[in-house]
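Letters A, B, ... are given to chains in the order of the sequence lines, protein chains preceding strands, and every chain is numbered from 1.
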Amino acid sequence: MKPDILVICGPTASGKTALAAALARRFGGEVVSADSMQVYRGMDIGTAKPTRDETLGVPHHMLDVADPSENYSVARYVAEAVPIVDDILARGKLPIVAGGTGLYIDHLVAGRQFAPFEADSGLREELQARVRSEGLAALRLELEQVDPEAAARIHPNDEKRTVRALEVYLSTGKTITQHDRESREVPPRYTPLTIALNFQERPWLWERIDRRVDEMMERGLEQEVRRLLADGVPRDCTAMQAIGYKELAAAILEGRPVSNGAEEVKLRSRQYAKRQLTWFRRDRQAHWFQWEKIPDFSAALAFSTELVTGSGLQ
RNA sequence: GCCCAGGUAGCUCAGUUGGUAGAGCAGCGGACUGAAAAUCCGCGUGUCGCUGGUUCAACUCCGGCCCUGGGCA
């Protein structure tokens, strides 16, 4: 089946931004970011949001669409990104979905539906409070009653998924298992041509990450974090869970040197990159481009261009 | 030069009254359906500094050597 959108994915610091912009330029496309943290306004340096120069004059969507104190979600991402992708297609241009949040990419492409209820009903907070007072095991017992399949699938220690499963059941009357089953029957929304980026050797990626964190510090990540704190962005909100922000905020508030926090950022970024790779490796359709130690950008561009033209995308 | 302490996993260290070793962190692999840069699961990866000796058996005991840190000169 002929693809209709291009997806550029890969771990953090693998060069997605530059490749996406260059390809958009070459094929007259527009970039749709798929990044759970670049959606927040005022979080530019730490999320490595494309700078004005880096966009190469190409339209970039799904950046700066939320306030850091809002809690963004996959559901909201899909609701906002789908009309944008459709519009790009309607204008006869190429949508280039680029980002490191695998969950967002998958949901955008797959067409899955979300349980129809308000995310901010307060139910989740109630359930979390119960976890603290009664213990996770109590909620798990409850889940076993209403949705044994989900209970079997979700690990006893996985608080987030246990809470989520109960949340879906309590607010819709339908189990998450049932919901997922129905959701899987929905036909995919798009047919992606996927290019995944990585480095041939893991340490080469680490070097990239380290260097990038150093650059972030030079560009004033500390000030960016202080600004968010001064603006009263709660430390427990989603935006402040972003790597780079939570570590520096902790260092600042605990009176540790920020350089100490920066080292933590490097470590957490490496670990994050590994989880991203696990996610993207699952996609057997993805075309991997593996950088050498010294990235050869024109080689990546040639590789991608051939795929795009060869697939009939353009 | 002498005295003391120590050399065990990538790092910090535990341990074996002699039967080829285990924690934390790091690392590796995996999962993931409205928090996903989140969350969760699995895996020990090793010339126990080197070299002789004692012993059925040495990482462990003994000798010598090397290295590191501290002290005395």
Side-chain angles (χ1 to χ4, degrees), chain A residues 9 11-13 33-40 43 46-49 66 68 70-80 99-121 123-125 127-128 131 136 140 149-150 153-169 171-172 174-186 201-203 205-206 209 212-213 216 234 236-249 263-283:
Chain A
C9 63
T12 185
S33 164
D35 187 298
S36 65
M37 295 300 165
Q38 291 183 358
V39 296
Y40 294 113
M43 295 174 60
T47 63
K49 200 177 287 174
E70 297 179 69
N71 285 328
Y72 207 77
S73 69
V74 204
R76 192 168 150 194
Y77 174 77
V78 172
E80 293 171 14
T101 306
L103 182 72
Y104 282 19
I105 297 172
D106 284 4
H107 276 73
L108 178 65
V109 168
R112 291 169 188 151
Q113 312 213 320
F114 298 98
F117 67 90
E118 288 296 310
D120 275 329
S121 64
L123 177 58
R124 183 179 295 177
E125 288 68 26
L127 290 167
Q128 287 169 327
V131 169
L136 180 56
R140 183 172 173 80
E149 273 184 73
R153 196 176 60 238
I154 297 169
H155 191 277
N157 292 344
D158 198 337
E159 177 182 327
K160 288 201 177 188
R161 291 189 175 80
T162 303
V163 166
R164 172 70 191 143
L166 280 173
E167 186 187 13
V168 169
Y169 174 72
S171 50
T172 66
K174 201 190 275 183
T175 64
I176 195 166
T177 300
Q178 163 115 38
H179 177 262
D180 291 351
R181 193 172 292 132
E182 290 169 10
S183 179
R184 259 189 288 272
E185 283 159 18
V186 177
E201 307 282 339
R202 190 68 59 90
L205 176 63
W206 294 345
I209 289 171
R212 191 154 84 163
V213 172
M216 287 176 178
D236 62 350
C237 71
T238 303
M240 284 305 267
Q241 289 178 6
I243 295 169
Y245 296 84
K246 65 166 170 283
E247 295 82 7
L248 284 198
E263 289 310 304
E264 263 180 77
V265 173
K266 291 174 183 173
L267 173 63
R268 300 282 300 139
S269 298
R270 292 212 284 258
Q271 296 174 333
Y272 170 49
K274 181 177 176 296
R275 294 196 302 277
Q276 288 177 298
L277 284 166
T278 299
W279 184 289
F280 296 128
R281 273 194 290 244
R282 202 164 50 159
D283 179 1

**Message:** Please enumerate all residues that pass ring-ring contact (aromatic ring centres under 6.0 Å, His included) together with A/Tyr245, with sequence neighbours excluded.
**Reply:** none

**Asked** For B/rU16, what is the paired nucleotide under Watson-Crick or G-U wobble rules, both distances under 3.5 Å?
**Response** none

**Request:** Please state the C1' separation for the pair B/rG30 and B/rU17 - nearest whole angstrom.
**Result:** 43 Å

**Prompt:** Just checking A/Tyr72: base, sugar-phosphate only, or nothing, at a heavy-atom cut-off of under 4.0 Å?
**Reply:** sugar-phosphate

**Item:** Whole angstrom value for the distance that separates C1' of B/rA37 from CD1 of A/Ile243
**Value:** 4 Å

**Request:** Can you tell me the distance, in whole Å, between the CH2 atom of A/Trp279 and the C1' atom of B/rA37?
**Result:** 13 Å

**Request:** Please measure how far the P atom in B/rC61 lies from the corresponding atom in B/rC2, and state the result in whole Å.
**Result:** 23 Å

**Request:** For nucleotides B/rG44 and B/rG64, find the distance between their P atoms and express it as a whole number of Å.
**Result:** 40 Å

**Request:** Using only heavy-atom distances, decide whether a donor-acceptor pair under 3.5 angstrom links the side-chain of A/Glu247 to the base of B/rA37.
**Result:** no

**Request:** Give a yes or no on whether the backbone of A/Leu136 and the side-chain of A/Glu159 come within a donor-acceptor separation of less than 3.5 Å.
**Result:** no

**Asked** Which base sits across from B/rG6 as a Watson-Crick or G-U pair, both distances under 3.5 Å?
**Response** B/rC67

**Message:** Once you apply a heavy-atom cut-off of 4.0 Å, does A/Thr47 come out as touching a base, just sugar-phosphate, or nothing?
**Reply:** base

**Asked** Can you tell me the Watson-Crick or wobble partner of B/rA21, both distances under 3.5 angstrom?
**Response** none

**Message:** I'd like to know if the side chain of A/Arg181 pairs up with that of A/Gln178 as donor and acceptor (distance under 3.5 Å, no hydrogens or angles considered).
**Reply:** no

**Message:** Does the plane of the ring in A/Tyr40 sit parallel, tilted or perpendicular to the ring in A/Tyr72? Use 30° and 60° as the thresholds.
**Reply:** perpendicular

**Asked** Considering only the P atoms, how many Å lie between B/rU60 and B/rG53, rounded to the nearest integer?
**Response** 14 Å

**Request:** Nearest whole angstrom, please: distance from the C1' of B/rA35 to the CD1 of A/Ile176.
**Result:** 13 Å

**Message:** Using a heavy-atom cut-off of 4.0 Å across all strands, would you classify A/Ser183 as base, sugar-phosphate, or nothing?
**Reply:** base

**Request:** Using whole Å, report how far OH of A/Tyr77 lies from C1' of B/rA36.
**Result:** 13 Å

**Request:** Indicate for each nucleotide in nucleotides 23-30 of chain B, in 5' to 3' sequence, whether protein heavy atoms under 4.0 Å reach the base (B), only the sugar-phosphate (S), or nothing (-).
**Result:** ---SSBBB

**Request:** Any strand is fair game: report the nucleotide pairing with B/rC72 by Watson-Crick or G-U wobble, both distances under 3.5 Å, or none.
**Result:** B/rG1

**Asked** Roughly how many Å is it from CZ in A/Arg124 to P in B/rU39, rounded to a whole number?
**Response** 14 Å

**Asked** What nucleic acid atoms does A/Asp35 come within less than 4.0 Å of, heavy atoms only: base, sugar-phosphate, or nothing?
**Response** base

**Request:** Could you let me know what B/rA35 is paired to, Watson-Crick or G-U wobble, both distances under 3.5 Å, or none if it's on its own?
**Result:** none

**Message:** For the residue pair A/Ser269 / A/Arg212, report whether a side-chain donor-acceptor contact shorter than 3.5 Å exists.
**Reply:** no

**Item:** Of the listed nucleotides B/rA35, B/rA37, B/rA31, the one nearest the side chain of A/Arg161
**Value:** B/rA31

**Interatomic distance at P, B/rG46 relative to B/rA21, whole Å** = 13 Å

**Request:** State the CD1-OG1 distance between A/Ile176 and A/Thr162, to the nearest 0.5 angstrom.
**Result:** 10.0 Å

**Item:** Between B/rU33 (P) and A/Asp158 (CG): distance, integer Å
**Value:** 8 Å

**Message:** Please pick, from B/rA35, B/rA36, B/rU33, the nucleotide with the shortest atom-to-atom distance to any side-chain atom of A/Thr101.
**Reply:** B/rA36

**Request:** Provide the Watson-Crick or G-U wobble partner of B/rU60, both distances under 3.5 Å; none if there is no partner.
**Result:** none

**Request:** Measure from the side chain of A/Tyr104, starting at C-beta and using heavy atoms only, and say which of B/rU33, B/rA36, B/rA35 lies closest.
**Result:** B/rA36

**Message:** Can you confirm whether more than 12 heavy atoms, excluding those of A/Tyr169, are under 6.0 Å from its OH atom?
**Reply:** no

**Prompt:** Hey, does A/Gln38 have a side-chain heavy atom less than 4.5 Å from the side chain of A/Thr47?
**Reply:** yes

**Asked** Using atom C1' of each nucleotide, how far apart are B/rU39 and B/rG19 to the nearest Å?
**Response** 44 Å

**Under 3.5 Å: donor-acceptor pair, side chain of A/Ser36, backbone of A/Thr101** = no

**Prompt:** Would you say A/Asn157 reaches B/rU39's phosphate, i.e. side-chain N/O to OP1/OP2 under 4.0 Å?
**Reply:** no

**Request:** Please lay out, stage by stage, how A/Arg76 and A/Glu80 fare under the test salt bridge (Lys or Arg N to Asp or Glu O under 4.0 Å).
**Result:** CA-CA 6 Å; A/Arg76 192 168 150 194; A/Glu80 293 171 14; 2.7 Å; yes

**Item:** A/Glu159 or A/Gln128, whichever maps to the more 5' nucleotide of RNA chain B
**Value:** A/Gln128

**Request:** For B/rU8 versus B/rU47, give the span between their P atoms, rounded off to a whole number of Å.
**Result:** 11 Å

**Prompt:** Can you tell me how far P of B/rA36 sits from CG of A/Asp236, to the nearest Å?
**Reply:** 14 Å

**Item:** B/rC4 to B/rC11 separation - P atoms, rounded to the nearest Å
**Value:** 28 Å

**Request:** Under 4.0 Å between any heavy atoms, over every strand shown, what does A/Gly46 touch: base, sugar-phosphate, or nothing? Just pick one.
**Result:** base

**Request:** To the nearest Å, give me how far apart CG (A/Leu108) and P (B/rU33) are.
**Result:** 18 Å

**Request:** Name the residue closer to the 5' end of RNA chain B, choosing between A/Met37 and A/Arg153 according to the nucleotide with the nearest heavy atom.
**Result:** A/Arg153

**Message:** Partner lookup for B/rC43, please. Criteria are Watson-Crick or G-U wobble with both distances under 3.5 angstrom; report none if nothing qualifies.
**Reply:** B/rG27

